[in-house]
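Worksheet: one structure, shown below.
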Amino acid sequence: MRDLLASLVTPDTVMLGLEGFDKRKAIEALVDLVVAGGRATDRNAVLAAVLDREAKGSTGLENGIAIPHAGTAGAIDVVCALGISKGGIDFDSVDA
């Protein structure tokens, strides 16, 4: 499992300093990372899928963690991007 996670979260899919981002802009920035890294072929399809999933229910968890996700043919395989915001981003989570 550790090796799988290490292969998914690479330096080119990590974004620090998501300060001042709202939920949508943060998701867009992370989708852009996977597209720029060649891990997704269709930015619009990936973004639409993640936003559609988020609209069905917040992926915000406790303790400032959110895991926006979706399945789409716009991604080449399982992809992952990690964003970090010191100030936090409101994901409409149940612990808010």
Side-chain angles (χ1 to χ4, degrees):
M1 179 62 103
R2 183 178 176 183
D3 291 338
L4 174 61
L5 187 57
S7 71
L8 292 174
V9 181
T10 58
D12 65 326
T13 61
V14 175
M15 180 177 281
L16 305 176
L18 289 173
E19 307 316 313
F21 282 59
D22 63 13
K23 177 169 59 171
R24 182 183 176 98
K25 290 294 181 189
I27 290 171
E28 287 179 9
L30 297 175
V31 167
D32 288 343
L33 282 181
V34 298
V35 171
R39 296 176 183 213
T41 57
D42 187 336
R43 178 193 188 272
N44 292 335
V46 174
L47 181 60
V50 174
L51 292 175
D52 182 58
R53 166 59 188 86
E54 193 67 32
K56 292 177 181 170
S58 175
T59 58
L61 305 174
E62 298 176 342
N63 302 315
I65 297 181
I67 306 175
H69 62 282
T72 176
I76 294 169
D77 201 351
V78 174
V79 298
C80 182
L82 172 67
I84 298 175
S85 169
K86 286 184 182 181
I89 299 168
D90 184 2
F91 261 75
D92 304 316
S93 63
V94 295
D95 72 335

Value rounded to 0.5 Å, distance of CG in Leu82 from CD1 in Ile84: 4.5 Å

Note: Gly74 and Ala45 closest approach over all heavy atoms is CA-CB, 4.3 Å

If only side-chain N and O atoms count, and only distance matters, is there a donor-acceptor pair under 3.5 Å linking Glu54 with Thr59? yes

Determine the minimum heavy-atom distance between Ile89 and Ala26, stating which atoms define it. CD1-CB, 3.7 Å

Rounded to the nearest 0.5 Å, the NE2 atom of His69 sits from the CD1 atom of Ile27 at a distance of 11.0 Å

Residues in side chain to side chain donor-acceptor pair (under 3.5 Å) with Asp32, at least two apart? Arg43

Measuring only between side-chain heavy atoms, which start at C-beta, is Arg24 closer than 4.5 Å to Leu47? yes

Taking every non-hydrogen atom, the tightest pair across Asp92 and Asp90: N-OD1, 2.8 Å

From CA spacing to verdict: side chain to side chain contact (heavy atoms under 4.5 Å, CB included), Val50, Arg53: CA-CA 5 Å; Val50 174; Arg53 166 59 188 86; 5.7 Å; no

Look up atom CZ in Phe91 and atom CG in Leu61, then write down how far apart they are to the nearest 0.5 Å. 10.0 Å

Nearest 0.5 angstrom please: Thr13 OG1 to Leu30 CG, how far? 9.0 Å

Measure the CG-OG distance between Asn63 and Ser93 for me, rounded to the nearest 0.5 Å. 9.5 Å

Are Leu16 and Leu18 joined in one hydrophobic group, where the rule is that I, L, V, M, F, W and Y side chains link up if heavy atoms are under 4.5 Å apart? no

For the student: nearest non-hydrogen atoms of Ser7 and Thr10, plus distance: O-CG2, 3.6 Å

Is it possible for you to say whether Leu51 and Phe21 belong to one hydrophobic cluster, with membership spreading through side-chain heavy-atom contacts below 4.5 Å? yes

Quick check: closest heavy atoms across Ala29 and Met15, and the distance to 0.1 Å? CB-SD, 3.8 Å

Where is the tightest heavy-atom contact between Gly71 and Ala49, given as atom of each residue plus distance? O-CB, 4.0 Å

Within the side chain of Arg39, is there an N or O that forms a donor-acceptor pair under 3.5 Å with the backbone of Ala81? no

